[in-house]
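Let me begin by presenting the structure, written as structure tokens, before commenting on it.
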Amino acid sequence: MSPAPPAREPLGARDPGPAPGPGRRRLLRYGTAGAAALLAGVPLTGCASPARAGGPSALKVWDLFQGGDGMLMDEMIGAVSRGADGFRVDRTILDWGPSYYTKLAMSAAGGRASDVAVLHLSRLAGYAPGGLLDPFDLDLLAEFGVTEKDFAPAVWKRARYRDTVYAVPLDVHPFIVFYDKDAAERAHLLDPSGHLAPMGSPEALLDAGKRLAEATGHSGILFGHVTDTAQSWRQFAALYAQTGASFTLPDGGPPQIDVDAAVRVVAFMKRLFDGRTNPRDLDYNSAMAAFTGGRGGMIMAGEWELPTFRDSAVKRLGAAPFPQVFGRPAVYADSHSFVLPHQENPDPARRREAHRYVAEIVKQSLTWAGAGHIPAYQPVLARPEYAALDPQSSYAAAGENAVLDPSNWFAGAASNFQNRMCQPLQSALLGNTSAEKAVRQMVREADTLLRRPNPVA
């Protein structure tokens, strides 16, 4: 969900639209106008996976994985479906974007929910409070070999809502940096082990951009953000979290934002993308084309672009967590997670199988790592096969320092919140406004969203 959007991008969306609302039953409480707005043009249809095994006893699973990710998920489902104890899975693939979340909400509220579905962890606060999800039975998960200690605390804490677990993370997909190792070597930016050396300060990253520009004869650091509904926010959120400041969105407002820290971050972003050493006016596709064509030493992008960069002019591809330039390490990320859409009267045996299915799939996440995603299930990270993955293992630490969107019903992947944060940030990066004015607009936008009632609360 990138600006164009790229086929594999798991996060933003070009047209985020409204946040998902309630289904038909709950809409009756809020009036016919709201019902008509939500239900218009949202048929509950999808694409059946070619690898599925249908039938009335098959587990019904919804996800949004297409392309390469979809094939990997088919492979993982195939692995857990073999043998006498294998699963029969009726997999439905729905289009990524706001419509996915609307359909998920409608199915849970309207009694047509699947047994298991995929949800970005950043969207949990919009679903758990309204009864659209059922909680996981932790004892049942433990029976199948999956417990809280198997997940990084940074991700697991977001799987909870009011101390109840509503999600089991499959992965962490962070916003990181990819770089040309040959260019970085000529720029003297690698450590003795051949990996990107730590930055440690804003000045160090600025200097790295200049060195990479000299080494490539083109640009130093590439970043595609123009007209994108998520990219600028991802970069800002990572840098802001590194300052140690909090960005919280309490219901009813006002937003709790450290304005001084935010201005410091936006001012640095403007210095980094100065339009000379590092271009400031690239859209997503232009930045991707420049890096894959060898016209830049580094690019700030999501790890989901790994397959694209492998098939490019960059012969020695490196990757690293988003550089720490302020006080503490922090990397913007999200997580594809499994949830149990609400069912009025779930069959106990079927619900037990849903828990077993989730547990077995997360254990298969070494396959998922092939596309660049960091497995959320820590025992997979400890396997020598994962350590051998290059460059995936070089940014695995990003999962330990993951920072997701602020927890609120209107925030998260493909949300209007991300879009509204990006607009003033884009204006600042393009040189059309100051850091101070951009931050003031971000605060106003957040405050406006906080004044809106949660439609499923």
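Centroid-to-centroid, the aromatic rings of H225 and Y284 stay 6.0 Å apart or farther. Taking the ring centroids of F322 and Y332, they lie at or beyond the 6.0 Å cut-off. Taking the ring centroids of W368 and F65, they lie under the 6.0 Å cut-off.
Here M73 contributes atom CE and R91 contributes atom CZ; the two are 6.5 Å apart, rounded to the nearest 0.5 Å. Expressed to the nearest 0.5 Å, how far CG of D390 lies from CZ of R316 amounts to 10.0 Å.
Salt bridge status for D260 with R264: absent, with no side-chain N to carboxylate O gap under 4.0 Å. Salt-bridge annotation for D182 and R186: absent, with no side-chain N of the basic residue lying under 4.0 Å from a carboxylate O of the acidic one.
There is no side-chain donor-acceptor pair under 3.5 Å between R444 and Q441. Remark: the N408 side chain and the D251 side chain contain an N/O donor-acceptor pair separated by less than 3.5 Å. Residues Q66 and D95 bring a donor and an acceptor atom of their side chains to less than 3.5 Å of each other.
The side chain to side chain contact (heavy atoms under 4.5 Å, CB included) test with L205 singles out one residue from N278, V177, I221, and that residue is I221.
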Q: Please step through side-chain hydrogen bond (donor to acceptor under 3.5 Å, both in side chains) for the pair D334 and H120, ending with a clear verdict.
A: CA-CA 7 Å; D334 209 328; H120 282 85; 5.0 Å; no
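Judged by the 6.0 Å distance and 45° axis criteria, R123 is positioned over the aromatic ring of Y101.
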